[in-house]
Amino acid sequence: QVQLAESGGGLVQPGGSLSLSCAASGLTFLNYHIAWFRQAPGKEREFVAVTARPGSGGANYYADSVKGRFTVSRDNGKRMVFLQMNSLQPDDTAVYYCASSQAALSAIRQTTMYYYWGQGTQVTVSS
């Protein structure tokens, strides 16, 4: 049974930092891209960042809105993926989800390419 579990969300002031973790089990971790998505109230779920599986080059990709502020990384030995978020702004407020996929790199940012999802963790940026 595949399980993805996010942790690390919370309340942070604008300009602050937060680190999210995603623990994976029940899947061959090295065979999957692991991505972060977010969904704000009244908005569609959107791509944030992804760490590609080693067999596809292992590169990291980011949404333009978070590039330079967020960093995604993976620890294959611990089967975990991390999202370091810096310079957080109120627009970053959302539920953050991690998800896994074996899609082609050309489709790696598409929500529909991800089959397994975590339960989400709330990130609130507010003064």
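- Residues Leu30 and Val50 fall into different hydrophobic clusters, defined by Ile, Leu, Val, Met, Phe, Trp and Tyr side chains chained together at heavy-atom separations under 4.5 Å.
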From CA spacing to verdict: side-chain contact (heavy atoms from CB on, under 4.5 Å), Val123, Val125: CA-CA 7 Å; Val123 171; Val125 185; 4.3 Å; yes
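- Both Tyr116 and Val48 are part of a single hydrophobic cluster, where members link through side-chain heavy atoms under 4.5 Å apart.
- In this structure a side-chain-to-backbone donor-acceptor pair under 3.5 Å is present from Tyr62 to Val72.
- Across all their heavy atoms, Ser21 and Met80 have their closest contact at CB-CE, 3.8 Å.
- Distance check, rounded to the nearest 0.5 Å: SG of Cys22 to CZ of Arg79 gives 11.0 Å.
- Among all heavy-atom pairs drawn from Gly120 and Val95, the shortest one is CA-CG1, 3.8 Å.
- In this structure, CE on Met85 lies 9.0 Å from OG on Ser17, to the nearest 0.5 angstrom.
- Between Lys67 and Asp64, the shortest heavy-atom distance links the atoms NZ-OD1, 3.3 Å.
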Full working for side-chain contact (heavy atoms from CB on, under 4.5 Å) between Tyr96 and Glu6: CA-CA 8 Å; Tyr96 283 71; Glu6 305 93 340; over 6 Å; no
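- Aromatic ring centroids of Trp36 and Phe70 lie 6.0 Å or more apart.
- Side-chain contact between Ser65 and Arg38: present, with at least one pair of heavy atoms (C-beta onward) separated by less than 4.5 Å.
- The minimum heavy-atom distance between Ser126 and Pro14, with the atom names listed, is C-CD, 3.6 Å.
- Cluster membership check: Leu27 does not share its hydrophobic cluster with Met113, using side-chain heavy-atom separations under 4.5 Å among Ile, Leu, Val, Met, Phe, Trp and Tyr.
- Between Gln84 and Ser73, the closest side-chain pair of non-hydrogen atoms is not below 4.5 Å.
- Atom CD in Gln39 sits 11.0 Å away from atom CD in Gln122 (nearest 0.5 Å).
- Note that the OG1 atom of Thr124 and the CG atom of Leu18 stand 9.5 Å from one another [nearest 0.5 Å].
- Put simply, CG on Asn60 and CD1 on Ile34 are 12.0 Å apart, with the number rounded to the nearest 0.5 Å.
- Residues meeting the side chain to side chain contact (heavy atoms under 4.5 Å, CB included) test with Ser56, sequence neighbours left out: His33, Arg53, Leu105.
- The same ILVMFWY cluster, assembled from side-chain heavy atoms under 4.5 Å apart, contains both Leu4 and Phe29.
- For the pair Arg69 (side chain) and Ser87 (backbone), a donor-acceptor distance under 3.5 Å is present.
- For the residue pair Ala52 and Tyr61, the shortest heavy atom distance occurs at CB-CE1, 4.3 Å.
- Between Ser127 atom OG and Leu11 atom CG the span is 9.5 Å, to the nearest 0.5 Å.
- Looking only at distances, a side-chain donor or acceptor of Arg74 sits under 3.5 Å from a matching main-chain atom of Thr51.
- Using bins of under 30°, 30° to 60° and over 60° for the plane-to-plane angle, the ring pair Trp117/Phe37 lands in the tilted bin.
- Residues Leu20 and Tyr114 do not share a hydrophobic cluster, defined by chaining ILVMFWY side chains whose heavy atoms lie under 4.5 Å apart.
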